[in-house]
Structures are given as C-alpha cells and as structure tokens.
Amino acid sequence: MINRRQFLTITGAGASALVTGGITSLVEAAGAGATTKSTANFNPDLDIALKATSAEIPILPGNPTSVWSYRAQLLKGGPASLMHLERSYLGPIIRAHTGQKVRIRFSNDVADETIVHWHGLHVPADMDGHPRFVIPQGESYIYEFEVRNRAGTYWYHPHPHGLTGPQVYGGLAGLFLVADDEEKAAGLPTGKYDIPLVIQDRAFDNRNQLIYLSGHHMQQMTGFLGDWILVNGQPDFSLAVATRAYRLRLLNGSNSRIYKLAWQDGHPLTIVGTDGGLLEKPVQRRYVMLGPGERLEVWADFSQYPVGSELTLASLPFDAGAMGGGRMGRGMMGSGTVLPNGAGFSILRVKVNRQEKETHTLPHRLSTISRYRHRDAVNREYPRRFHLVMRHMAWTINGRTFRMREVANDEKVRLNTLEVWEFINEGGAMGMMGGMDMPHPMHLHGMQFQVLERRGVKHEGYVDEGWKDTVLLMPGERIRLLVRFGDYPGLFLYHCHNLEHEDMGMMRNYLIENKVASV
Ligand code: C2O
Ligand code: CU
Ligand code: CU
C-alpha cells in the first residue's frame, strides 16, 4: 500500500540537513514508557477496545482497496457511544459527554509503529499520543482520561514521527464527538439530522490500490494531493435529505489539501461551530477556507428547496501559492497530480428527496464563550513568535525541525498562564527558485485557543470567532492567538497539520512547566 522505505528516505534527508539553532534541552518525559495496564481505581463510563488493523474495503467499483483502519469494540457504555460507519475505512465515531471518564485500550495490529492522538482534546501529556509513546505491532497502550472539552467535533489519528502522513492516508482516522448540556440547550438538529462528513483526497492505481508519495522530494515539500475526493471514505458522495434543517459536521481529514467550501448555488454558509465546538451565535460566510485538521459545523436548511432539487457543496478555485500547483508547472511537482491544491471541484451532492415538516429554527444564541483578554497574557508585550520558513529544502518553525525530546528555552511556558502566540507565514524569499509560498495549517496539542488578530489576510474565508486548535495561514498571513496552558504540565506538540510537512519535521515540542516563579 505504502512504500515505507522510500518514504523514510525522503524524511531522513529532510531532517538531517538541518542545523538546529538556539539553546535547547532534552526533556525527560514525565510518565514515560507505554501505559500497558489499566488503573484499578479509574472507573470509566466508557471503555473501548480500539485496534489499528489492516483491511480490504471496497471504495471504487471493482477491486477492493487495502487499507489500514481503526476497528473498535464497546466494552462499557451506552450503545450510542460507538458508531461504525458502513463500508468505510474510517474508524468508528466515538461519542462521549463532557465529564465522562473514558478508557481506550488501544492495540497495534499493523506492521509499523504507531500511537493514537486525540486531536483537540484537552488531556494529560501521557494521554495525548506524543510520538515518543509509539508502540510496535502486537503491543498496546491504555488511555484513561476525563473528557474536559466542551461539546464539539474532535477526531483521532496516528502520530508516530515521520509516519503520520502515510498512516492517516492509509485509512487511520476517526471522529470523537463530545456532547454537553449547553449544546443540548442550543436545540440543534440531532440524531440522523446531525451528519458527520469527513473530507479526504486519495489517489488510486489501476488496481484500485492507494498511491502515496511518488518519492519525489518536491511532493514532500508540497504535501500529498489525490485526485479523488472522498467523503466518509466514499467517492461521489451524495446525501439524501428531507426539507428541513441539518447540522453538518465537516472535518478536513486530508493530508495537505485545503478546501474553499461553498454552496454552489451562491447561498452563504451558515456556520454554527468550529474546532472547539459551538460559536456564540451563527455567522455567515460566502465561503470558508478549511485547512487539514480543521472542523466546521454548518447549519443547512433545506426547507426552502422543493423535493427533487439538488445542491452541491463545492470547493471553489483559489490561489494556493507557488508550491501549491498554481504557478509552478505540473512537471515540477514530479507526479501526475491532476487536481492541484486550489483547483475547483464538487465535494458532495445533496439530494432533497422527501417532504418533512420543519421543527427547528436557527438559534440566535448557541453557547457562551468566555473571552480571554489580551491584557491578561503574561507576555502581552512580547508575543512568542514562530516563523514558518523553509531552510535547506525543508519546512521549519523558527529554523528548527522536530527532535523527539528536544525543547528550546523559548518553547517553555508556565502552567496555568495565558500567552500570546504569533505564527508568521512569511512566504517567498527563503527558498530555491526564488520563493516557495505555501499555506500552513498550524495546530497546538492539548489546548483550544482563541484568535486575537490576523494580518495580511486577503480573503473572507476564516471563522475565527470560536474556539480553535488549528488555524490556516495562507502565504503572507500572520496570526496572534491567546492560549491558556491549563491543568496539565508536560511535553506537548505544536506543528503544521500538512501531514507531509509534519512528517518532515515541521513540528516542535513545547513544555508546560509546573514551577513557582523564581524571585
Ligand atoms: Cu491532528 Cu498533532 O495532530
Ligand atoms: Cu492534535
Ligand atoms: Cu506546513
């Protein structure tokens, strides 16, 4: 399925060419070593056996496709807490309620080292799936945590260093939905009117097997792009709906493709939620740029459409920068990518096929978000700055790439403090060929944050009003975030969620230190 040796060669070359600057230290991981036993005094509301395994799944007509897939079994919990998607390589949807205790007994049944990360969940460092916790085939890792997040659309995927791209691509990913009382009070559509939609792109050979990177370094630099757009693991996805309102939960689970989401008929998107759950009130956008790892919740009201009508949720064309395929010839990209980043296409079709009486109206108020205040940040005058730059043919953060336990002095924060973090996508200048502009979706582990401000934005496609854990920066853009490092000390990751960038080392540790300020 995936040519791993070839892949490792590329990653290795990218990583070793770098000289790390600044004063750094190696962190002795607290709680290191795989957690292989469940805790006697931990009494879970939800107990799940989760396995990464290989499978054969029909995707295109003809031969089934060899994939890797998360399969699970519910050991304890209500029947709704685990929902299997039919005929999909995607892992089951895990549903939990805020405050519930969750145990997940993960076992690795694939021929590669791996570990599971709970993207967006606020969990202790040794429950977060850092690559230092990888386990080989045949071993297991027991996760035990309390769900402290608010209601929202979170997800899980592998996080072994250098292999996240191929493993997610191979099929390892699933949704983790959290519910709470505030969400319930908002009165959004539920049950079969609450529809998760995971958008991914894939490439297939003529035997219907997945093709990953061609081995060309240029493809690693841009990120993988496939010419098939799959929704919930299926091509040509269509959704049969009634004349009523729906809650659509979109996840961009692609390795590197960005979607410029819009209704084809020109209606604006009505957005009710982002990465970290519901907004305070709905907002409208003509289109939304959704980078890898980001989620978007949309209120879609089909009550005005006659039965028999069809709508398309599309990705509109956009300029993805020099490396994204726009200005650089296809030959340069070293592969037969027929669908460059920024190309326009249909993502899914909605077919209104039955009459139903609507009982929902769009709520004016969805949730309460307590706003962080800039003046409360410990570094309000001096934001922590992260420049996203290319050095020696590799993407870096401040010129550095990932080392398993390395953390620089300027990557240490204090527990329970609020900080301003600034990411700067300079674009241009640094690279060969006179400039490599690329978008970078930046992600922090462990925390949901708030967007303080953006600069250099030339479009209207961001939804920065709510809680976020991943933010897209197009070339030339910079963003300031307010993030509070609450509850859990330890080593966490921040990285670009373009998975090929992440795998080549566009990822770093940050350390949350639990110590009293020195006088
Ligand atoms: Cu989806 Cu390190 O993240
Ligand atoms: Cu994450
Ligand atoms: Cu990147």
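In listed order, ligands and their atoms are each counted from 1. Predicted, not measured: the structure shown is a model, and the values here were computed from it.
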Which atoms form the tightest heavy-atom contact between Y462 and E477, and what is the distance? OH-OE1, 2.5 Å

Give a yes/no answer: is there an N/O/S atom of H117 under 2.8 Å from the Cu ion (ligand 2)? yes

Restricting to N/O/S atoms, is H159 within less than 2.8 Å of the Cu ion (ligand 2) or not? no

With E411 as reference, evaluate R403, R384, R508 under the salt bridge (charged side-chain N to carboxylate O under 4.0 Å, His left out) test and give the passing residue. R508

Cation-pi check for Y287 against K260: NZ or CZ below 6.0 Å from the six-membered ring centre and within 45 degrees of the axis, yes or no? yes

Note: Y259 and Q200 closest approach over all heavy atoms is OH-C, 3.7 Å

I'd like to know if atom 1 (Cu) of ligand 1 has an N/O/S atom from H157 within less than 2.8 Å of it, counting both backbone and side-chain atoms. yes

Looking only at atom types and distance, does a side-chain atom of T396 sit under 3.5 Å from a main-chain N or O of V389, one as donor and one as acceptor? yes

How is the N/O/S atom of H440 that comes nearest to the Cu ion (ligand 3) named? ND1

On a heavy-atom basis, which atom in T222 and which in H501 lie closest, and how many Å separate them? O-NE2, 3.9 Å

Which is the closest N/O/S atom of H501 when seen from the Cu ion (ligand 3)? ND1

Checking only N/O/S atoms, does C496 have one that is under 2.8 Å from the Cu ion (ligand 3)? yes

Tell me, please, if H497 has any N/O/S atom, main chain or side chain, under 2.8 Å from atom 1 (Cu) of ligand 1? yes

Restricting to N, O or S atoms of H119, which is nearest to atom 1 (Cu) of ligand 1? ND1

